[in-house]
Protein chains: 2
Amino acid sequence: MVHTTALAEIGALIGDAGRANMLAALLDGRALTAKELADHAGVTPQTASGHLAKLTAGHLVVVEKQGRHRFHRLASAEVARMIETMMQMAAHGDAARNAKPIRVGPRDQALRAARTCYDHLAGRLGVALADAMAQRDLIRLDADGGLVTPEGRQFLSTFGLDVDAAPRGKRVLCRPCLDWSERRPHLAGVVGAQIMQRCFNLGWIRRLEGTRAVAVTPSGQEGFRRVFDVRPG
Amino acid sequence: MVHTTALAEIGALIGDAGRANMLAALLDGRALTAKELADHAGVTPQTASGHLAKLTAGHLVVVEKQGRHRFHRLASAEVARMIETMMQMAAHGDAARNAKPIRVGPRDQALRAARTCYDHLAGRLGVALADAMAQRDLIRLDADGGLVTPEGRQFLSTFGLDVDAAPRGKRVLCRPCLDWSERRPHLAGVVGAQIMQRCFNLGWIRRLEGTRAVAVTPSGQEGFRRVFDVRPG
DNA sequence: GCAATGCTTCGGCCGGTTCCGAAGCATCCC
DNA sequence: GGGATGCTTCGGAACCGGCCGAAGCATTGC
């Protein structure tokens, strides 16, 4: 039974607090340096170096040298999805474990409002967008499958996106991604990625330094309301 | 940051060879006793007891007492999916790690041919069924989303299944589940579960003692060919 | 060349986890 | 009741894995 030991290896890789923090930090798709990841994990660079070597050997992370820096990123979207899946499990487990509401800090508040999830939008904003689009039958999302309706293609086209023209590779066009803070699905897949990119380009949202949280700009407030009938915040 | 530590906890839970073996053994949805799981993990009962206590505390496993036995099963289909996802990662990692083909034993051969995956069929048989149904446009599967076409409902109806009448709860009707041996999707969700159940009822397949592998009976050979145009084996 | 920066490797310490033998409950069977 | 059987708890031994200080390599900048 060669496979089961492999399962334990993957688990052990993620089952360390330091490495888990690093992976979570990489979840938005950016590439970070070893030092940055060391800070995220709360360990010294030499410890982080060891962790990153293991993550790389386990093919969860890939490195890219650039001068004297080494940028680390998740090896694939599949890895990101696996980690998101595990975080959902963790959230469910928490919910069952302690019935009392989870204490949240101000930093969590921003994350809960709107954040990136690898390459698409999550948090209340992401869920609201998915809800609004489903409401108008632009997309249909089931617990873990999704599609874009003809009306949806039309809509996205006027929004400036051509879902069929985009390079897809092996990626799925449209799929739900369960939100660990909202516990409801938001929009992922090629469409989810395109929408987020477009929102950045339009200046509707911008990244908050040092976190995966994003802020909605004034023009975003107006745009989300006008185009998606969504009132962020 | 309460969530990231939770991620590490889940990982650590799976990151022990003994516990990983237990979880893999439970992957077909059956409930097993502590002793059986101890054998699977290759440890003594008292060690297994400790592991199972942790898995239960982590809400990956639930127990059910029945006389002097305690039956353990995966806590939910979500847990099963998470573990399958991780095994896929492990398989991909393996593939990249050593280019040489993986050595397989005779036991693996049976598993690769046809096996249960929690509550649906996997292995070459599962993939072949999914392929055949997609070919005739009875279902449509994308990398991680799926649906049953009207023709599919008709087809399943003549096969003795009413997908809409079945109790669904929050489960998705139809979704792909990437096969770790074939590296191609097979059919999961309510439809996948119904089809497997029907095949058992028709006597087309039967469980092989002590494994998740299933054997195709002679009538199954005939049935799969006639109904699905699939030639197992 | 020299110093500074980013990262890795080495070595030893330390804490947590796993493991099993022995003993203790609980349940079933006769 | 008495004796299996199934499982858990307790205790201590062994082991692994993370962690950091010190030192070493690579790259950049002056």
Side-chain angles (χ1 to χ4, degrees), chain A residues 1 4-26 30-74 210, chain B residues 1 4-26 30-74 210:
Chain A
M1 279 289 149
T4 55
T5 53
L7 174 62
E9 280 170 22
I10 294 275
L13 227 39
I14 304 172
D16 171 83
R19 287 192 292 265
N21 281 325
M22 292 180 179
L23 291 170
L26 292 170
R30 283 179 305 176
L32 301 179
T33 66
K35 178 64 166 56
E36 287 172 309
L37 288 168
D39 291 341
H40 274 283
V43 296
T44 57
Q46 60 268 36
T47 300
S49 176
H51 284 313
L52 289 168
K54 290 186 183 179
L55 290 173
T56 305
H59 297 94
L60 296 187
V61 162
V62 292
V63 302
E64 197 178 327
K65 325 187 36 171
Q66 218 170 91
R68 56 184 163 182
H69 296 270
R70 301 189 73 148
F71 288 93
H72 301 257
R73 77 174 71 220
L74 295 186
Chain B
M1 279 287 153
T4 54
T5 55
L7 175 62
E9 281 171 21
I10 295 275
L13 227 38
I14 303 172
D16 172 83
R19 287 193 293 266
N21 281 327
M22 292 181 181
L23 291 171
L26 291 171
R30 282 180 306 177
L32 301 179
T33 65
K35 177 65 165 59
E36 288 172 308
L37 289 167
D39 291 340
H40 274 281
V43 295
T44 57
Q46 59 268 36
T47 300
S49 177
H51 284 312
L52 288 169
K54 289 184 184 179
L55 290 174
T56 305
H59 298 94
L60 295 186
V61 162
V62 293
V63 302
E64 197 178 327
K65 349 187 11 176
Q66 218 170 92
R68 58 182 163 181
H69 297 270
R70 301 189 72 151
F71 288 93
H72 301 256
R73 79 174 67 221
L74 294 186

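Below, read A as the first sequence line, B as the second, and so on, with proteins coming before strands; counting in each chain starts at 1.
- With 3.5 Å as the limit, one finds a donor-acceptor pair spanning the side chains of A:Glu36 and A:Thr33.
- Qualifying side chain to side chain donor-acceptor pair (under 3.5 Å) partners for A:His72, counting only residues two or more places apart in sequence or in other chains: none.
- The distance between atom NE2 of B:His69 and atom P of D:dC7, rounded to the nearest whole Å, is 6 Å.
- Atom P of nucleotide D:dT9 and atom CG of B:Leu52 are separated by 11 Å, given to the nearest angstrom.
- Following rounding to the nearest Å, A:Glu64 (CD) and C:dG6 (P) show an atom-to-atom distance of 18 Å.
- Without hydrogens or angle criteria, A:Thr47 side chain to A:Val43 main chain gives no donor-acceptor distance under 3.5 Å.
- Evaluation of the salt bridge (Lys or Arg N to Asp or Glu O under 4.0 Å) test over residues 37-52 of chain A, restricted to residues two or more places apart or in two chains, returns A:Lys35-A:Asp39.
- Within the structure, the salt bridge (Lys or Arg N to Asp or Glu O under 4.0 Å) test picks out the following pairs touching residues 52-65 of chain A (sequence neighbours left out): A:Glu64-A:Arg73.
- The side-chain contact (heavy atoms from CB on, under 4.5 Å) test with A:Val61 singles out one residue from A:Leu13, A:Leu37, A:Leu26, and that residue is A:Leu26.
- Distance A:Ile14 CD1 to D:dG18 P: 14 Å, rounded to the nearest Å.
- Straight-line distance from the CG atom of B:Leu55 to the P atom of D:dC7: 15 Å, rounded to whole Å.
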I need a per-nucleotide contact map over nucleotides 12-30 of chain C, read 5' to 3'. Cutoff is protein heavy atoms under 4.0 Å; write B for the base, S for backbone only, - otherwise.
------SSBB-----BB--
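- Checked against side-chain contact (heavy atoms from CB on, under 4.5 Å), B:Ala12 has no partners two or more places apart in sequence or in another chain.
- Straight-line distance from the NZ atom of A:Lys35 to the C1' atom of C:dG6: 10 Å, rounded to whole Å.
- Two residues are said to be in side-chain contact when any heavy atoms from C-beta on lie closer than 4.5 Å; A:Ile10 and B:Ile14 fail this criterion.
- Rounded to 10 degrees, the angle separating the terminal axes of the helix from C:dG1-D:dC30 to C:dC30-D:dG1 is 20°, with each axis obtained from five end pairs.
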